[in-house]
Amino acid sequence: MRKMLFGNRVSMSEGEVFHEKQRLELCAIHALNNVLQERVFTKETADDICKRLAPQCVMNPHRSVLGTGNYDVNVIMAALQSRGLAAVWWDKRRSIQNLCLDKIQGFILNVPSRVSLGIVSLPLRRRHWLAVRDVNGQFYNLDSKLKGPACIGGETELRSFLTEQLSQDVAEMLLVVQKEVDDDGTWLKADDTRK
């Protein structure tokens, strides 16, 4: 395993998988970098995006007032757009079977997560961003709260994992796709007519 600043490239039997671990409330940044498999975004670049999204606001609505992160979906979408990518919101009423996986670069999920102070888990839940993507034919859960990347498996296991994650009432999912794929809707199998 090669150590990197704020991120690790973990050697797996299939190759190396980039994985950033949780720091402050920067899970949106970690999810972006993990889904892109490289350190592209920092707290500073995310803060710049926030300023562009709300230039007149003293209290920016796209991040924590404490300056510790907690970025919203608008920051994620703008960050991906800056890389020629798009974030497509997944309608949970659809079947995961309708995803055209070969057109999707990765997934960013927003799920409920327990709050802890050190080793003490508090009876609170907050929202947490995490990434999932294919690396060399295997899908990985790249949640920054994990010690390292967790291999999910192939397409069947991925579909089960995503279904389980989305079964939580407040869970949401974004598909990370090339802009052209978003424009032509090919992330969705042709037999699903609801776009």
Side-chain angles (χ1 to χ4, degrees), residues 7 9 12-20 27-41 45-46 49 52-53 62 71-112 127-144 146 149-195:
R9 283 223 176 259
M12 307 298 233
S13 60
E14 302 82 18
E16 291 186 342
V17 180
F18 179 85
H19 179 254
E20 279 188 356
C27 58
I29 294 169
H30 302 315
L32 284 163
N33 290 338
N34 287 342
V35 84
L36 296 173
Q37 284 294 280
E38 63 179 314
R39 187 167 192 259
V40 176
F41 298 103
T45 56
I49 292 169
R52 282 198 323 269
L53 291 171
H62 303 290
Y71 300 101
D72 72 10
V73 68
N74 297 292
V75 176
I76 289 175
M77 293 175 80
L80 290 170
Q81 287 170 357
S82 76
R83 303 282 297 177
L85 299 168
V88 178
W89 175 74
W90 177 253
D91 184 344
K92 293 193 313 185
R93 296 172 295 184
R94 286 192 168 119
S95 169
I96 292 293
Q97 300 305 318
N98 293 331
L99 288 171
C100 191
L101 294 177
D102 62 332
K103 298 286 187 172
I104 300 169
Q105 184 167 330
F107 306 88
I108 296 179
L109 288 87
N110 191 253
V111 297
R127 308 284 294 195
H128 176 66
W129 296 106
L130 66 95
V132 173
R133 76 161 286 157
D134 178 343
V135 178
N136 298 320
Q138 292 292 302
F139 289 93
Y140 288 87
N141 177 353
L142 301 169
D143 184 344
S144 58
L146 297 176
C151 185
I152 295 168
E155 289 187 13
T156 302
E157 293 84 6
L158 171 72
R159 290 180 195 278
S160 295
F161 174 84
L162 295 176
T163 299
E164 180 183 322
Q165 292 295 311
L166 293 174
S167 70
Q168 302 173 76
D169 286 339
V170 294
E172 299 293 340
M173 181 170 72
L174 301 172
L175 313 177
V176 178
V177 298
Q178 294 291 324
K179 185 179 178 331
E180 309 79 52
V181 170
D182 180 30
D183 291 344
D184 64 22
T186 54
W187 50 268
L188 189 62
K189 290 185 179 176
D191 56 341
D192 188 337
T193 55
R194 294 179 298 161
K195 289 205 178 169

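Heads up: numbering here begins at 1 and tracks the sequence. Since this is a predicted model, take the numbers as computed values, not measurements.
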Backbone of [Y] reached by a side-chain donor or acceptor of [X] within 3.5 Å:
X: E164; Y: F161; result: no
X: Q168; Y: Q165; result: yes
X: S160; Y: T156; result: yes
X: D182; Y: A86; result: no
X: K92; Y: A171; result: yes
X: T45; Y: F41; result: no
X: R39; Y: F18; result: no
X: E157; Y: I152; result: no

Hey, could you give me the [atom1]/[atom2] distance between [X] and [Y], rounded to the nearest 0.5 Å?
X: S82; Y: L32; atom1: OG; atom2: CG; answer: 8.5 Å
X: L188; Y: I104; atom1: CG; atom2: CD1; answer: 8.5 Å
X: Q178; Y: L80; atom1: CD; atom2: CG; answer: 10.5 Å
X: W89; Y: L174; atom1: CH2; atom2: CG; answer: 10.0 Å
X: W129; Y: I108; atom1: CH2; atom2: CD1; answer: 7.5 Å

Q: Go through the steps for V132 and L109 under the test side chain to side chain contact (heavy atoms under 4.5 Å, CB included), then give the verdict.
A: CA-CA 8 Å; V132 173; L109 288 87; 4.0 Å; yes
Q. Just by distance, with hydrogens left out, do E20 and N33 show a side-chain donor and acceptor under 3.5 Å apart?
A. yes
Q. If you measure only the distance, is there a donor-acceptor pair under 3.5 Å linking the side chains of D143 and H30?
A. no
Q.
side chain to side chain contact (heavy atoms under 4.5 Å, CB included), that's the test. Do I96 and M173 meet it? Break it down for me.
A. CA-CA 11 Å; I96 292 293; M173 181 170 72; 3.9 Å; yes
Q | L36 and R133: CA distance, side-chain angles, deciding distance, side chain to side chain contact (heavy atoms under 4.5 Å, CB included) verdict | A | CA-CA 9 Å; L36 296 173; R133 76 161 286 157; 5.6 Å; no
Q.
Run the salt bridge (charged side-chain N to carboxylate O under 4.0 Å, His left out) test on K103 and E180 for me, step by step, so that the C-alpha distance in whole Å, both residues' side-chain angles and the decisive distance to 0.1 Å come before the verdict.
A. CA-CA 10 Å; K103 298 286 187 172; E180 309 79 52; over 6 Å; no
(Q) Could you check whether any side-chain heavy atom of H128 comes within less than 4.5 Å of a side-chain heavy atom of N110, counting everything from C-beta outward? (A) no
Q | Any side-chain heavy-atom pair of L101 and R159 under 4.5 Å | A |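 Yes, close enough: below the 4.5 Å cut-off.
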Q | Contacts of type side-chain hydrogen bond (donor to acceptor under 3.5 Å, both in side chains), residue D183, not counting sequence neighbours | A | K179
Q: Kindly determine whether L130 and L142 satisfy side chain to side chain contact (heavy atoms under 4.5 Å, CB included), including the steps that lead there.
A: CA-CA 6 Å; L130 66 95; L142 301 169; over 6 Å; no
Q: Sequence neighbours left out, what passes side-chain contact (heavy atoms from CB on, under 4.5 Å) with D134? Give chain and number order.
A: F139
